[in-house]
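I have placed the structure first, in the form of structure tokens, so that the comments after it can refer back to it.
Letters A, B, ... are given to chains in the order of the sequence lines, protein chains preceding strands, and every chain is numbered from 1.
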There are 2 protein chains.
Amino acid sequence: MYPNFIQHLKKYISLTDNDIQILSTYVKIKSIKKKEFLLEEGQTCKGNYFVETGLLRMFYINEKGTEQITQFALENWWLSDYMSLMIQAPSKFYLQAVEDSEVVVVEHQKQEELFEKLPRLERYFRIMMQRAYAASQMRVKYFHDFSKEENYRQFVSLFPKFVQRIPQYMLASYLGITPEYLSELRKKNP
Amino acid sequence: MYPNFIQHLKKYISLTDNDIQILSTYVKIKSIKKKEFLLEEGQTCKGNYFVETGLLRMFYINEKGTEQITQFALENWWLSDYMSLMIQAPSKFYLQAVEDSEVVVVEHQKQEELFEKLPRLERYFRIMMQRAYAASQMRVKYFHDFSKEENYRQFVSLFPKFVQRIPQYMLASYLGITPEYLSELRKKNP
DNA sequence: TTAATTTCTTAAACTAGCTTAAGTTTTTTA
DNA sequence: TAAAAAACTTAAGCTAGTTTAAGAAATTAA
């Protein structure tokens, strides 16, 4: 059903077959096609999403009306608008599939019940949130540290396979540069 | 001893007097003077720090040799280099007191034992990490969304009292602008 | 396999924010 | 309370990255 999800859980906490059985009644799997949305601006975020297969992006529309991508999520990553999810308030973000994807959904309402049944999951999610936060602390550093050009070169050399899975204008948006400037950088030194 | 810390915990989880007694054998309080360090570049981060009173900052030295502040932590906030803490590798960051401060220290070695004794703390830290990550998701948005000038005006109007506690060059560093440019912005419209 | 749509490129004019350098004001220390 | 150190200001010249506009190439749908 969702082998990556189960394997991922087992990397951080121990789970019996019975635990997994219980878990299965609290989460569901959802298939979404490329360009479909899990969340749109103005909606309240309903769930925390684990990418079983595929690729998601998080973005918002800025005041100029252009998409600003803030995150991607590949296989084995969690994605959500955690502020909207936590306080159950309308989101400014969109969550959308970049490729046809399978996601494991933990709905907000079910999450508390799930933690009561399987308190060990608090530990798993504590580790996930700490990892995500640690990554975002590093990202702030890179963001300040490097020029846009250096940021681009760094990204391409660190994640070459990922770069092949997304159109160039999405990479530009994620890096916070215009597609025109990215094009210039590639011409200069591909 | 650390009333803010205990009160903060009790906002998120229930704790008996006995729990608090156990807790007290796993954490310690540390007084640090203005400009003293909790962590310096090259050291491995040894603890997670809760600001009982005072004000801390996190920064690194960039390739031009200037300090780049990435975070501040006021009363009731946690601060650490979570990547260094998690993987116990040398840090690129400094953690320093901006004012004389009292911090509650949860040492990395003790943390796992503490979670075994008081598993409920996993929940508390899960919530703390989720809050921190949610805040950082919003911060990425503001960072992209606003010009440096708008970012400055936003910050000052949201946190006027905080702005009074830090020197201007630290605010400039946090906002990612030069002190000279900040000075110009203030002249234009204070 | 053609048309429609989406994505990418080129180049020139422009601007937000930086650099440099010198001077002034405020805070800390002796 | 004087001297030293730290923090802030001013202004001119500069550059990384944007904007605008038009066209070319690649995907997708019919």
Side-chain angles (χ1 to χ4, degrees), chain A residues 32-37 55 57 59 61-69 72 94 96-100 140 142-156 160 162-190, chain B residues 32-37 55 57 59 61-69 72 94 96-100 142-156 162-190:
Chain A
I32 62 167
K33 291 238 167 280
K34 184 172 173 171
K35 295 194 178 169
E36 275 180 18
F37 291 95
L55 171 57
R57 66 174 180 145
F59 68 94
I61 308 283
N62 65 23
E63 66 289 3
K64 289 173 204 143
T66 61
E67 294 175 0
Q68 175 62 57
I69 298 176
F72 291 105
Y94 296 78
Q96 190 191 37
V98 175
E99 304 172 351
D100 294 354
V140 171
Y142 291 133
F143 202 92
H144 279 295
D145 229 1
F146 298 144
S147 68
K148 303 282 167 121
E149 173 162 8
E150 286 169 326
N151 241 305
Y152 160 67
R153 310 240 177 257
Q154 163 107 169
F155 193 89
V156 169
F162 177 60
V163 169
Q164 288 162 20
R165 286 170 72 176
I166 56 170
Q168 234 173 82
Y169 78 92
M170 284 196 190
L171 176 54
S173 171
Y174 178 77
L175 294 172
I177 62 180
T178 57
E180 291 84 355
Y181 188 51
L182 179 53
S183 193
E184 216 167 89
L185 294 178
R186 281 162 51 84
K187 184 173 55 165
K188 203 166 86 183
N189 194 344
Chain B
I32 62 166
K33 290 240 167 279
K34 184 171 174 174
K35 297 196 178 168
E36 276 180 18
F37 292 94
L55 172 56
R57 66 172 180 147
F59 69 93
I61 308 283
N62 65 24
E63 67 288 2
K64 289 172 203 145
T66 62
E67 293 175 359
Q68 176 62 57
I69 297 175
F72 291 105
Y94 296 79
Q96 190 192 37
V98 176
E99 303 171 351
D100 294 354
Y142 290 133
F143 202 92
H144 280 295
D145 227 0
F146 298 143
S147 68
K148 304 277 167 132
E149 174 162 7
E150 286 169 325
N151 243 304
Y152 161 67
R153 310 236 177 261
Q154 163 106 170
F155 193 89
V156 170
F162 177 61
V163 170
Q164 288 163 21
R165 287 171 71 177
I166 56 169
Q168 234 174 83
Y169 78 92
M170 284 195 190
L171 176 54
S173 171
Y174 178 76
L175 294 171
I177 63 181
T178 58
E180 292 85 354
Y181 188 52
L182 178 53
S183 193
E184 215 168 273
L185 295 178
R186 280 163 52 84
K187 183 172 56 163
K188 205 167 85 181
N189 193 345

query: Which residues pass the salt bridge (Lys or Arg N to Asp or Glu O under 4.0 Å) test with A:K35, sequence neighbours left out?
result: none
message: C:dT9, OP1 or OP2 - any side-chain N/O from A:Q168 closer than 4.0 Å?
response: yes
- request: Scan for salt bridge (charged side-chain N to carboxylate O under 4.0 Å, His left out) pairs involving residues 166-176 of chain A, sequence neighbours excluded, and state none if there are none.
  value: none
message: I want to check one thing: is the phosphate of C:dC8, taken as OP1 and OP2, less than 4.0 Å away from some side-chain N or O of A:R186?
response: no
query: Going 5' to 3' on DNA chain D, which nucleotide is the first and which the last to come under 4.0 Å of a heavy atom in chain B?
result: D:dA7 to D:dA11
message: Going by the rule ring-ring contact (aromatic ring centres under 6.0 Å, His included), which residues pair with A:F143 if we only count those two or more places apart in sequence or in a different chain?
response: B:F143, B:H144
query: Can you name the side chain to side chain donor-acceptor pair (under 3.5 Å) partners of A:N62, sequence neighbours left out?
result: A:T66
message: For a quick test of reading the model: is some side-chain N or O of A:K187 closer than 4.0 Å to OP1 or OP2 of C:dA11?
response: yes
- request: With sequence neighbours left out, write down each residue that passes side chain to side chain donor-acceptor pair (under 3.5 Å) with A:Q96, or none if nothing qualifies.
  value: A:R57
field: Residues which pass ring-ring contact (aromatic ring centres under 6.0 Å, His included) with A:Y181, listed by chain and number, not counting sequence neighbours
entry: none
message: Among residues at least two apart in sequence or on other chains, which ones pass side chain to side chain donor-acceptor pair (under 3.5 Å) with A:E99?
response: A:R165
task: Describe the nucleic acid contact of A:I177 in one word from base, sugar-phosphate, nothing, applying a heavy-atom distance below 4.0 Å.
output: sugar-phosphate
message: Going by side chain to side chain donor-acceptor pair (under 3.5 Å), name the residues that satisfy it together with B:E36, two or more places apart in sequence or in a different chain.
response: none
message: Can you list everything that forms a side-chain contact (heavy atoms from CB on, under 4.5 Å) with B:Y174? Sequence neighbours excluded, please.
response: B:I69, B:F72, B:R139, B:F155
With the criterion being N/O to N/O and under 3.5 Å, what pairs connect the protein with nucleotides 20-30 of chain C, and how long is each?
none

- prompt: Axis-to-axis angle across the helix from C:dT1-D:dA30 to C:dA30-D:dT1, five pairs an end, to 10 degrees?
  reply: 60°
message: With a sphere of 6.0 Å drawn around OH of A:Y142, does it hold more than 12 non-hydrogen atoms of other residues, nucleotides or ligands?
response: no
